[in-house]
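The block underneath contains the structure these notes are about, expressed in structure tokens.
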Amino acid sequence: MRVHAIRTGSVRIKTAQVEGRGHGLASIFADRDWSDWLPTFAWAIEHEEGVIVVDTGQAGHLLNGHGHSLHPFFRWEVYFRVEPEEEIGPQLRSLGIGPRDVKRVVLTHLHMDHDAGLVHFPHSEILAAPGEIDAASGLMGMIRGYLPQRWPNWFNPVRLELDDGPFGPFTASKRLTRMGDVVAIATPGHTADHLSVLVEDGDATLFLAGDTSYNEALMLAGKVDGVGPNAKVSAATLSAIRHLAEKRPTIYLPTHDPESAVRLAARQLATAPLELGGAA
Ligand SMILES: [Zn+2]
């Protein structure tokens with residue numbers, strides 16, 4: 001198995017979105033401070049049962065003209081940039097992975113920088129959480145800032161029910177491979193039905209985190225973002241991630257963490273291994 005970090009362009013958001021201040025979107029609109037340009041990662045798992053892509057990244061067709069959301073948040077509170085060759089399709093091809101090689105695409109959630117690259121996967125099974133699909137669809141989806149009007153016309157996602165029971169500290173899960181080494185888990189917070197994907201990869205668990213937090217330090221500190229609908233739910237998910245990382249070697253890989261690709265390459269764990277020495 002090989003897992004690839006695929007950077008699909010960059011994004012800037014307000015600092016009050018990166019780390020919440022307790023007043024929801026209002027504090028983001030009021031904030032004048034921007035983050036640095038952050039990456040937008042997608043992931044490709046080269047698995048013997050077929051390639052699984054987790055999130056599809058940003059894509060240029062959503063950033064031009066009428067593609068842009070009418071939602072004021074996405075007009076004024078976030079900047080994206082992505083070059084055509086940075087989109088996931090061309091990057092997978094340069095890795096030798098064609099569109100028909102990708103058996104499944106799993107979406108952590110349906111925000112535009114996670115689902116824009118769907119256009120590159122017309123032959124794949126697309127999986128997303130039922131609640132997330134419902135929240136993103138139709139007029140209410142548009143009002144919530146999703147772009148259902150820009151989904152490919154073939155888009156008809158499989159409703160991924162997380163009905164395999166709890167997984168460690170997470171209340172709901174679903175195996176995505178027969179071997180059981182790729183598992184979707186419920187990680188509500190950033191959106192109510194956000195999910196993450198765990199990959200048992202040799203000596204470590206890769207935690208493909210989506211937007212559970214914007215970086216690892218925020219997860220370790222339990223600091224929730226500024227857009228999640230329920231801060232308590234977000235905090236509980238961050239706590240569950242820390243519990244998992246205490247129990248098993250975990251490499252934490254959020255979508256927008258500048259260090260995610262480095263950590264994957266260096267096999268750097270979310271929790272430092274117990275120091276040896278001192279008192280036995
Ligand atoms: Zn998001």
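Counting starts at 1 for both ligands and their atoms, in listed order.
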Residues forming a side chain to side chain donor-acceptor pair (under 3.5 Å) with His190, sequence neighbours excluded
His109, His111, Asp211, Asp225
Near the Zn ion (ligand 1), protein N/O/S count under 2.8 Å comes to 4
For Phe29, what residues pass the ring-ring contact (aromatic ring centres under 6.0 Å, His included) criterion, not counting sequence neighbours?
none
Taking side chain to side chain donor-acceptor pair (under 3.5 Å) as the test, write out the residues that go with Glu200, two or more places apart.
Thr205, Arg248
For the CZ atom on Arg100, are there more than 12 heavy atoms of other groups (residues, nucleotides or ligands in this structure) within a distance under 6.0 Å?
no
Looking just at side-chain N and O atoms, do Glu259 and Tyr252 make a donor-acceptor pair shorter than 3.5 Å?
no
For the ring pair Trp37 and Tyr79, is the centre-to-centre distance below 6.0 Å?
no
